[in-house]
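Presented below is the structure to which this report refers.
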There are 2 protein chains.
Amino acid sequence: MNLPPLTQSFVLHFGEMGSHWGINRTVGQIYALLYVSPKPLNADDIVEAIGCSRSNTSMALKELQAWRLVKLQHLPGDRREYFSTPDDVWAIFKTLAEERQKREVEPTLTMLRGAILERPSSEEERHAQARMKEMYQLIELVTKWFADIRDMDVETLQRLMKLGAQVQKVLQFTQSLGRLTGRDGGKEE
Amino acid sequence: MNLPPLTQSFVLHFGEMGSHWGINRTVGQIYALLYVSPKPLNADDIVEAIGCSRSNTSMALKELQAWRLVKLQHLPGDRREYFSTPDDVWAIFKTLAEERQKREVEPTLTMLRGAILERPSSEEERHAQARMKEMYQLIELVTKWFADIRDMDVETLQRLMKLGAQVQKVLQFTQSLGRLTGRDGGKEE
DNA sequence: TCAAACTTTCAGAAATTACTGAAAATTGGA
DNA sequence: TCCAATTTTCAGTAATTTCTGAAAGTTTGA
């Protein structure tokens, strides 16, 4: 690996972090490299920069594409494929959230939904099912909320985040308003 | 493994999911088992239920304790250690968020902070550094917001989540109120 | 202090995952 | 169509992670 020092430590860190994130070292490193690169890179540029094999690069790029974290483009007069990450960090963040939702949360929700519909065959099963239902409801609520948030435009989202915990006060305020006019702040179950 | 069918599929699912989550199969299975169990279990109960070795169970429990996802307790008149998960699913969720923050986000923030303070040695480094700064700011904002949310009481949190995207309208409303009184809804950078 | 009950450690085996190089497949232009 | 450039696949190897059983360690009560 032969990279300027800042880039190198960034790339290496993402390589290490990969394992906490369910992606392998090479995938993490390549993503980091593309993220900081001022221009799109082709597979050989990546091999040169990271120092892994050509085939490994190919696999890693395929995985990054499956995660929708890299864009593929062609440069005029060059047959090779060039890769880059989206410029907008918020867009990247949203993509990541969507993909993790799809890969990690959906399957669990499906399993839980199935389990909850079954007929418990004992007192123990009944308890287990009740616990699963609690988990299901929490995940579903958080998931829906995330989806709502994801779909906000970036300005609103930033405003909301900067507001932070103060949103509580706003909520309390609108609740009292709601009581006055006979309506409440949110939908009920 | 000899468990009632619902429990078994739940336990197996968590085992599989573990790998996406950076924990190993046994750890996932044991957590799932404890989560649905109506009473605390000791290490031998777990070995019996899951069908792994005693030592593996010991390691896995240690890891779950490091994640603060299981409670250790003693039953009167029994020397063995009994394990259970907290009852409150929201508390579990918060613990998980805190631990992941500490393990996955903090180290990245530290690395980014360091890189941003360095003097770039070329135009390419300057660009890389600017990208890292974008990432840093996004992560920091999201992190702070998460912390704010984590510290809300469950009722407020649930109300906020159920409100979902409608919070936008509330925000817009308070913003116009703010303009009238000469203040704005959130803190600025 | 000793013994029984229980837990942890650890070296090596087993399983899984990542990586490579060679070969096959695909693509675009002559 | 054919050739050269490029990408992908895949079988085998390397590296890493997980798991086990045996042994060592700890704790409690007699």
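Throughout, protein chains are lettered first and strands after them, A, B, ... in sequence-line order, and every chain is numbered starting at 1. Note: hydrogens, waters and symmetry copies are ignored here, and every other heavy atom, side chains too, is used.
Counting only residues at least two apart or on different chains, the side chain to side chain donor-acceptor pair (under 3.5 Å) pairs with a member in residues 24-40 of chain B are B/Thr26-B/Asn56.
The shortest distance between the side-chain N/O atoms of A/Ser58 and the OP1/OP2 oxygens of D/dT8 is below 4.0 Å. Residue A/Lys62 has a polar side-chain atom (N or O) positioned under 4.0 Å from OP1 or OP2 of D/dT9.
Atoms CD1 (A/Ile50) and C1' (C/dA18) sit 15 Å apart, rounded to a whole Å. Between the P atom of C/dC6 and the CG atom of B/Leu75 lies a distance of 13 Å, rounded to the nearest Å. Rounded to whole Å, the distance from CZ on A/Arg54 to P on D/dC10 is 16 Å. The interatomic distance linking B/Arg80 (CZ) with C/dA5 (C1') rounds to 9 Å, in whole Å. Distance A/Leu61 CG to D/dT7 C1': 11 Å, rounded to the nearest Å. Remark: C1' of D/dG29 and CG of B/Asp78 are 14 Å apart, rounded to the nearest angstrom. Atom NE2 of B/His20 is separated from atom C1' of C/dT17 by 14 Å (rounded to the nearest Å). What separates CG of A/Asn42 from C1' of D/dT8 is a distance of 16 Å, to the nearest Å.
Under the 4.5 Å side-chain contact rule for hydrophobic residues, A/Ile23 and A/Met17 do not share a cluster. Two different hydrophobic clusters hold A/Leu34 and A/Met59 under the rule that ILVMFWY side chains link at heavy-atom gaps under 4.5 Å. Under a hydrophobic-cluster definition in which Ile, Leu, Val, Met, Phe, Trp and Tyr are linked whenever side-chain heavy atoms come within less than 4.5 Å, directly or via other members, B/Val47 and B/Val70 are assigned to different clusters.
The two residues A/Glu134 and B/Asp87 come nearest to each other via the heavy atoms OE1-O, 3.8 Å.
Hydrophobic cluster membership of B/Leu75, counting Ile, Leu, Val, Met, Phe, Trp and Tyr whose side-chain heavy atoms lie under 4.5 Å apart directly or via other members: B/Tyr82.
From one end of the helix from C/dT1-D/dA30 to C/dA30-D/dT1 to the other, with five pairs defining each end axis, the axis direction shifts by 20° (rounded to 10°).
Of the inter-residue distances, the one linking B/Asp148 atom CG with B/Leu157 atom CG reads 11.5 Å to the nearest 0.5 angstrom. For the atom pair CG of A/Asp45 and CD1 of A/Ile50, the computed distance is 11.0 Å after rounding to the nearest 0.5 Å. For the atom pair B/Gln101 CD and B/Phe146 CZ, the distance stands at 9.0 Å (nearest 0.5 Å).
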5' to 3', nucleotides 24-30 of chain C under a 4.0 Å protein heavy-atom cut-off (B base, S sugar-phosphate only, - none) gives ---BB--

Nucleotide by nucleotide, 5' to 3', does protein get under 4.0 Å of the base (B), only the sugar-phosphate (S), or neither (-) in nucleotides 11-19 of chain D, counting heavy atoms? -------SS

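For the pair B/Arg113/B/Leu109, a side-chain contact is recorded, criterion being any heavy-atom separation below 4.5 Å from C-beta on.
With sequence neighbours excluded, no residue forms a salt bridge (charged side-chain N to carboxylate O under 4.0 Å, His left out) with A/Arg79.
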